[in-house]
2 protein chains.
Amino acid sequence: MTDITAPPEAEREAGSGGGDPPAPEPIWDIIELLFFAYRDFVGDPDHVLAALRFGRAHHRVLHFVNRNPGMKVADLLDILRITKQSLGRVLKQLIDEGYVVQQEGPQDRRQRLLFVTAKGEALAMRLARLQTARITRALEELGPTGHDSARRFLSAMIDPRERERVLRLIGRSDRLRQAAVRG
Amino acid sequence: MTDITAPPEAEREAGSGGGDPPAPEPIWDIIELLFFAYRDFVGDPDHVLAALRFGRAHHRVLHFVNRNPGMKVADLLDILRITKQSLGRVLKQLIDEGYVVQQEGPQDRRQRLLFVTAKGEALAMRLARLQTARITRALEELGPTGHDSARRFLSAMIDPRERERVLRLIGRSDRLRQAAVRG
DNA sequence: CAGTTATGTCAGTCATGTTGACATATTTTG
DNA sequence: CAAAATATGTCAACATGACTGACATAACTG
């Protein structure tokens, strides 16, 4: 194990004469670790998806539909922050190949509520377990407070404006899926 | 602050009868937080880059050249894991617009060692400071061990096979840039 | 009924990745 | 030294997943 624990920390170059405030050194380690960690994190599912002729865009859609059964198309667009045209293409493929189904909204019949099929859930869970394996391995290295630290760090990295919304989404999804399992 | 600290943790559904091992519930919170956190993290630079008609690909190249002055094209390809054709396109633009320069290798004259210009460094630093601002804000919420926790978590998320290499790269880049500043 | 909303679709463009083939200069090797 | 290997660049074609703009349909709402 290299010296991960020894902070390089940016020996604040002793601000010599005067002039402008010396502009603190960027936090290079976190910036670069995020790049490499995220690449590996999304790389796991990529291989499985490639075999099915799917890409990351399909994964994102499948993931959030699996997590939020019965969600509206508009909500999905809002979460993913893409246009309906972009969503349309991948959603159509997921529907055509039997991973997702749409169902008329019971109150508002304009809505096409989204659900994963058994096949869709199986794939979503398979991909989630791949990513979970990596996360579990990582958290085990960090001791009992690891999960909490990671969660707090990542939450804090989200725009304050949307943080609430995201945390609410994550919590709500948990309850939704529980209900779907029991129902 | 919502209940970030209360682990939803996946009430391991008490494995009823028997059959297959019940396949533990995925770690949904970290999976989704990574998605949202990373999106915001790369979103900051995107706005600045868009104004210059650059994209993320340009950012990555500029970043690593700034961090590793004098690096070989082959090393950059290896870090980014893209093809030379993909690199070529964005690198050419960065060179044409005066952000990066190439210099013949002193030992091996086939090599085109890469350096940022003053203009290139200014942009790279500006983007890094944007990301650093977000990271700083996040780490401040986590107390004194925040930086270390985050670093250890992200390191652990990287493939064990390449972790060493990445950590060495990060450490070496710090020293290289220090030398370039003093030199 | 008129206007708004939820969704879908067609067409064109852009950014960024890919393969495959080939070119050029330089170093290394038999 | 000639031949092979290496470092880099470039052309062409293609895939994915974003985008904008325009338009269509059905259903809800006032």
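To find a chain, count down the sequence lines: A is the first, B the second, and so on, and within it residues start at 1. No hydrogens, no waters, no symmetry mates; every other heavy atom, side chains included, goes into these values.
Between dT16(C) and Ser86(B), no contact under 4.0 Å exists linking OP1 or OP2 to a side-chain N or O. The phosphate of dT16(C) has OP1 or OP2 within less than 4.0 Å of a side-chain N or O from His58(B).
Side-chain contact check for His59(A) versus Asp46(A): every heavy-atom pair is 4.5 Å or farther apart. Looking only at side-chain heavy atoms (C-beta outward), Lys72(A) and Leu77(A) stay at 4.5 Å or farther from each other.
Put simply, CG on Asp108(B) is 15 Å from C1' on dT29(C), counting in whole angstrom units. The distance from atom CG of Asp75(B) to atom C1' of dT6(D) is 14 Å, rounded to the nearest whole Å. Atom CD of Gln85(A) is separated from atom P of dT20(D) by 8 Å (rounded to the nearest Å). Counting to the nearest Å, the C1' atom of dA15(C) and the CZ atom of Arg60(B) are 11 Å from each other. Taking atom NE2 of residue His59(B) and atom P of nucleotide dG17(C), one finds them 14 Å apart after rounding to whole Å. Spacing between atom CZ of Arg56(B) and atom C1' of dC19(D) amounts to 14 Å, rounded to whole angstrom units. Going from atom CZ of Arg110(A) over to atom P of dA24(D) covers 19 Å, rounded to whole Å. When the P atom of dT8(D) is taken as reference, atom NZ of Lys84(B) falls 10 Å away, rounded to whole Å.
Along DNA chain D, the nucleotide nearest to Ile95(B) and the one nearest to Val90(A) differ in position, and the one closer to the 5' end is contacted by Ile95(B). Of the two residues contacting DNA chain D, namely Arg112(A) and Phe54(A), the nearest-nucleotide position lying further toward the 5' end is that of Phe54(A).
Comparing atom distances between the Arg89(B) side chain and each of dG17(C), dT7(C), dG17(D) picks out dG17(C) as nearest. Considering only side-chain atoms of Gln102(A), the nucleotide from dG8(C), dA12(D), dA22(D) that sits closest is dG8(C). For Glu104(A), the side-chain atoms get nearest to dA27(D) when compared with the rest of dG17(C), dT8(D), dA27(D).
Taking the six-membered ring wherever Trp is involved, the centroid distance between the rings of Phe41(A) and Tyr38(B) does not fall below 6.0 Å. Less than 6.0 angstrom separates the ring centroid of Phe35(A) from the ring centroid of Phe64(B).
When heavy atoms are screened at a 4.0 angstrom cut-off, Gly88(B) is found touching no nucleic acid atom at all. No engagement by Gln93(B) is indicated, since no non-hydrogen atom pair under 4.0 Å with the nucleic acid exists. Residue contacts shown for Arg81(B) are limited to sugar-phosphate atoms, with no base heavy atom under 4.0 Å away.
The closest donor-acceptor contact from the side chain of Lys119(A) to the backbone of Glu97(A) lies under 3.5 Å.
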